[in-house]
**Q** 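After the structure tokens below, expect a handful of questions from me.
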There are 2 protein chains.
Amino acid sequence: MESGKKVQEFFKEKRKQLNLTQPELAKKAGVGLRFIREVEQGKTSMRVDKVNQVLKLFGYELGPVLVKRDKTDL
Amino acid sequence: MESGKKVQEFFKEKRKQLNLTQPELAKKAGVGLRFIREVEQGKTSMRVDKVNQVLKLFGYELGPVLVKRDKTDL
DNA sequence: ATAAATTATACCATAATGGGTATAATTTCG
DNA sequence: CGAAATTATACCCATTATGGTATAATTTAT
């Protein structure tokens, strides 16, 4: 699993925490419904600014994070 | 300044830490030279997977980070 | 100051994102 | 178990990101 699930999972989790449906989140964030769906479905080639439009609702934004090496691959 | 300088600055800093030119970084990361340039120039609409191709060289990847509220807007 | 190296800007072509939407599949719940 | 809500898949299309490259501008170094 080359990671990439980060944003995907984050969207789902935060969205449900706020009890929003995909259409509701899309509307609130000002992005298309298709975008929300594709990201939650695991797409990794979406645009950074679009992701940030959504993360902003959660009080987050995309940034470089240190990749934690798993004990298994040392 | 709605942020957005994060990746831009990160690229520049890390690249210089490794003493790489833009063409060298582009080649190592497997992305186009234009991509490196546009990001370092402040573009915010680039693709997440492309950014990650570069961040990977530095041991980083894009992820949701909490937006720290500045004292000025409290 | 001049030459060399690095970075910035501009143009073209291609491929793919994102939006919209209709429909199917799945989940939720009464 | 069936109806309603939610989510997943598929298609069309306009916009745009990306790559390549040539050239200009800027920076670095001698």
Side-chain angles (χ1 to χ4, degrees), chain A residues 1-70, chain B residues 1-70:
Chain A
M1 325 73 251
E2 293 286 36
S3 88
K5 310 192 67 178
K6 290 219 137 176
V7 178
Q8 173 183 13
E9 294 169 344
F10 201 79
F11 271 33
K12 281 187 192 168
E13 286 181 23
K14 288 293 179 183
R15 177 168 68 77
K16 294 189 176 176
Q17 280 181 24
L18 302 184
N19 275 81
L20 295 175
T21 65
Q22 291 174 338
E24 289 170 339
L25 177 59
K27 187 177 178 184
K28 272 184 178 282
V31 301
L33 174 54
R34 273 240 342 258
F35 178 76
I36 299 292
R37 284 174 177 162
E38 292 184 335
V39 172
E40 290 198 0
Q41 221 57 32
K43 186 175 197 171
T44 61
S45 54
M46 57 300 184
R47 283 167 45 171
V48 171
D49 59 340
K50 291 290 172 188
V51 175
N52 280 332
Q53 266 183 262
V54 178
L55 290 183
K56 193 171 185 178
L57 290 181
F58 306 143
Y60 285 76
E61 66 184 3
L62 281 185
V65 299
L66 193 52
V67 174
K68 46 187 176 312
R69 303 191 63 64
D70 198 294
Chain B
M1 291 289 117
E2 291 287 35
S3 91
K5 311 193 65 177
K6 289 218 135 177
V7 179
Q8 173 183 13
E9 294 169 344
F10 202 78
F11 271 33
K12 282 187 192 167
E13 287 180 23
K14 288 291 179 185
R15 178 168 67 76
K16 294 189 176 176
Q17 280 180 24
L18 301 184
N19 275 81
L20 295 175
T21 64
Q22 291 175 338
E24 289 170 340
L25 177 60
K27 186 177 179 184
K28 272 184 179 282
V31 301
L33 174 55
R34 272 238 347 254
F35 177 75
I36 299 292
R37 285 174 176 163
E38 292 184 336
V39 172
E40 291 198 1
Q41 221 56 31
K43 187 175 197 172
T44 61
S45 55
M46 59 296 186
R47 284 168 43 171
V48 171
D49 59 339
K50 291 292 171 187
V51 174
N52 280 333
Q53 267 183 261
V54 178
L55 290 183
K56 192 171 186 177
L57 291 180
F58 307 141
Y60 284 77
E61 66 184 2
L62 280 185
V65 299
L66 194 52
V67 174
K68 47 187 175 312
R69 304 190 62 63
D70 197 293

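In what follows, chains carry the letters A, B, and so on, assigned in the order in which the sequence lines appear, proteins first and then strands, with residues in each chain numbered from 1.
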**Q** What residue among Val48(A), Thr44(A), Val7(A) forms side-chain contact (heavy atoms from CB on, under 4.5 Å) with Val48(B)?
**A**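 Of all the options given, the one that passes is Val48(A).
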
**Q** Given axes from five pairs at either end, by how many degrees does the helix from dA1(C)-dT30(D) to dG30(C)-dC1(D) bend, rounded to 10°?
**A**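 About 70°, once rounded to a multiple of 10°.
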
**Q** Set out, in order, the CA-CA distance, both residues' side-chain angles and the distance that settles side-chain contact (heavy atoms from CB on, under 4.5 Å) for Lys50(A) and Gln53(A), then state yes or no.
**A** CA-CA 5 Å; Lys50(A) 291 290 172 188; Gln53(A) 266 183 262; 3.5 Å; yes

**Q** Could you measure the distance from the CZ atom of Phe11(B) to the CG atom of Leu57(B)? Nearest 0.5 Å is fine.
**A**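 That separation rounds to 9.0 Å.
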
**Q** Could you state the interatomic distance from CD (Glu38(B)) to OG (Ser45(B)), rounded to the nearest 0.5 Å?
**A**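 Rounded to the nearest 0.5 Å, the CD-OG separation comes out at 8.0 Å.
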
**Q** Does any non-hydrogen side-chain atom of Leu55(A) lie less than 4.5 Å from one of Leu62(A)?
**A**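 Side chain of Leu62(A) against side chain of Leu55(A), heavy atoms only: contact under 4.5 Å found.
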
**Q** Polar-atom pairs under 3.5 Å, protein N or O versus N or O of nucleotides 17-24 of chain D: list them with distances, or write none.
**A**
residue : atom : partner  : partner atom : Å
dA17(D) : OP1  : Ser45(B) : OG           : 3.0
dT18(D) : OP1  : Arg47(B) : N            : 2.7
dT18(D) : OP2  : Lys43(B) : NZ           : 3.3
dG19(D) : OP1  : Gly32(B) : N            : 2.9
dG19(D) : OP2  : Gly32(B) : N            : 3.0
dG19(D) : O5'  : Gly32(B) : N            : 3.3
dG19(D) : N7   : Arg34(B) : NH1          : 2.4
dG19(D) : O6   : Arg34(B) : NH1          : 2.3
dG20(D) : O6   : Arg34(B) : NH1          : 2.9

**Q** Respond yes when some side-chain nitrogen or oxygen of Gln41(A) is under 4.0 Å from OP1 or OP2 of dA8(D), and no when none is.
**A**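 Gln41(A) to dA8(D) OP1/OP2: side-chain N or O found under 4.0 Å.
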
**Q** Would you say the side-chain atoms of Gln41(B) and Gln8(B) include a donor-acceptor pair closer than 3.5 Å?
**A**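 Distance-only check fails for Gln41(B) and Gln8(B).
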
**Q** Once you round it to whole Å, what is the distance between C1' of dT7(C) and CD of Gln8(B)?
**A**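 The distance from CD of Gln8(B) to C1' of dT7(C) comes to 14 Å, rounded to the nearest Å.
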
**Q** Output yes when at least one side-chain N/O atom of Gln22(A) is less than 4.0 Å from OP1 or OP2 of dA5(D), else no.
**A**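 Answer no for this pair, as no side-chain N or O of Gln22(A) is under 4.0 Å from OP1 or OP2.
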
**Q** Supply the atom-to-atom distance Lys43(A) NZ to Arg47(B) CZ, rounded to the nearest 0.5 angstrom.
**A**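 If I round to the nearest 0.5 Å, the distance is 8.5 Å.
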
**Q** Roughly, in whole Å, what's the span from CZ in Arg15(B) to C1' in dA8(C)?
**A**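 Atom CZ in Arg15(B) sits about 12 Å away from atom C1' in dA8(C).
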
**Q** Can you give me every donor-acceptor pair (side chain of residues 24-31 of chain B, partner residue at least two apart or in another chain, under 3.5 Å) with its distance?
**A**
residue  : atom : partner  : partner atom : Å
Glu24(B) : OE1  : Thr21(B) : N            : 2.7
Glu24(B) : OE1  : Thr21(B) : OG1          : 3.4

**Q** Asn19(A) CG to dT27(C) P: how many Å, rounded?
**A**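 Rounding to the nearest Å, CG of Asn19(A) and P of dT27(C) are 19 Å apart.
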
